Amino acid sequence: MPVDPHAPSSPPPGPHRSAAWRVRRWLVRLLVLAVLAVLAGVLWNSPWAQAPRALWALSRMAPPEALPVPVDGVAARRIAHTFGAPRGRDRTHAGLDIFAPRGTAVTSATPGIVADIRDGGLGGRQVWILGPARERYYYAHLDGWREGLSHGEVVEAGTVLGYVGDSGNAKGTPPHLHWGIYGSTGAYDPLPLLRAWTAPDRSGR
């Protein structure tokens, strides 16, 4: 008996069967979404996602209104206001020079992510930190870096980055840290932030 090629292979499902199939389909979709959400949560909270989590948190922070001096043992009142001072024939000083004995610890002034570690150019041995509000912090003329410091590392305020020196175009000058902050419109004067800083009271009172 010839078969009609246009005839349906089976009768269409009845209304009750069709509704049940649609419910099962939505349940399967919801189950898949739930599994994906759980997996995303596990991945987001894993050590692998530490840097993306930190970047998300930093991007939601406001720019700091006060910061500690990023060189151990140096008070803000000892730092000269040199931001904007002439440097050479065609540039100005885009930061502060913080003088201290060679080898003094240089610490991150903020929480952040190590965006770059370089050795060369005017800054010599340097570290760039991506900090709150995605502003960039520049630590230059280092004598060396802290052992194990790595690109992409998440740091807290007070984490040692390196040590005071005279690398780059500071060679032969008294050891110091060149420290700059770069916001959305470029470098700005960090000294008011240092002078506004008050050390937190850790006495518990």
Side-chain angles (χ1 to χ4, degrees), residues 46-59 61 63-64 66-76 78-80 82-83 85 87-88 91-183 186-191 193-194 197 199-200:
S46 69
W48 179 87
Q50 185 182 19
R53 286 199 310 272
L55 181 59
W56 170 250
L58 292 166
S59 67
M61 293 180 183
L67 289 173
V69 176
V71 177
D72 278 2
V74 177
R78 291 174 46 195
I79 301 172
T82 58
F83 181 84
R87 289 292 187 271
R91 61 189 180 90
T92 58
H93 199 219
L96 299 175
D97 288 336
I98 305 175
F99 293 88
R102 183 183 302 276
T104 302
V106 171
T107 57
S108 182
T110 65
I113 300 172
V114 178
D116 205 358
I117 302 171
R118 303 178 191 172
D119 185 3
L122 299 178
R125 298 184 183 96
Q126 57 194 264
V127 177
W128 288 85
I129 299 292
L130 183 65
R134 300 176 70 97
E135 293 187 330
R136 295 171 298 135
Y137 291 76
Y138 179 47
Y139 301 78
H141 302 322
L142 301 176
D143 192 54
W145 302 277
R146 183 251 299 160
E147 184 176 358
L149 186 72
S150 60
H151 186 277
E153 179 180 341
V154 177
V155 298
E156 300 296 332
T159 298
V160 175
L161 303 176
Y163 306 94
V164 170
D166 64 348
S167 59
N169 71 340
K171 199 69 179 175
T173 66
H176 65 278
L177 170 72
H178 172 89
W179 185 58
I181 306 177
Y182 292 79
Y188 64 87
D189 188 0
L191 190 56
L193 299 180
L194 301 184
W197 175 257

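Numbering of residues begins at 1 and proceeds along the displayed sequence. Worth saying up front: this structure is predicted, and the values here are computed from it rather than measured.
- R134 CZ: 12 or fewer foreign heavy atoms inside a 6.0 Å radius.
- A heavy-atom distance below 4.5 Å is not found between the side chains of L191 and F83.
- Taking CH2 of W145 as the reference point, atom CD1 of I117 lies at 7.5 Å (rounded to 0.5 Å).
- Ring pair H176/F99 is tilted by interplanar angle, where 30° to 60° counts as tilted.
- Residues L67 and W179 meet the side-chain proximity criterion, which asks for heavy atoms closer than 4.5 Å.
- Side-chain contact check for R87 versus T92: every heavy-atom pair is 4.5 Å or farther apart.
- In this structure, I113 CD1 and L55 CG are separated by 5.0 Å, a value rounded to the nearest 0.5 Å.
- Counting only heavy atoms from C-beta outward, the side chains of L177 and V74 never approach each other to under 4.5 Å.
- Aromatic ring orientation, Y182 versus W128: tilted (interplanar angle from 30° to 60°).
- Shown here for P64 and E135, the closest heavy-atom pair between the two residues is CD-OE1, 4.3 Å.
- With rounding to the nearest 0.5 Å, the separation of CG in D72 from OH in Y163 is 9.5 Å.
- Side-chain atoms of Q126 come within 3.5 Å of backbone N or O of G120 as a donor-acceptor pair.
- Nearest heavy-atom pair across I98 and P70 is CD1-CD, 3.9 Å.
- Contact between V71 and A100 at its shortest, heavy atoms only, is CG1-CB, 3.7 Å.
- The heavy-atom pair separating P68 from A109 by the smallest distance is CD-O, 3.7 Å.
- Contact of the H141 side chain with the N169 side chain is registered, since non-hydrogen atoms from C-beta on lie closer than 4.5 Å.
- Between V155 and S108, the closest heavy-atom pair is CG2-OG, 3.9 Å.
- Partners of R125 under the salt bridge (charged side-chain N to carboxylate O under 4.0 Å, His left out) rule, at least two apart in sequence or in another chain, are D119.
- Here CG of D189 is found 9.0 Å from CG of L194. Values are rounded to the nearest 0.5 Å.
- L193 is listed as a side-chain neighbour of Y188, based on a closest heavy-atom distance under 4.5 Å.
- The backbone N or O of L96 sits nowhere less than 3.5 Å from a side-chain atom of T82 that would complete a donor-acceptor pair.
- Here the rule is side chain to side chain contact (heavy atoms under 4.5 Å, CB included) with V114, and of V154, T159, I129 only I129 fits it.
- Checked against side chain to side chain donor-acceptor pair (under 3.5 Å), R102 has the following partners two or more places apart in sequence or in another chain: D143, D166.
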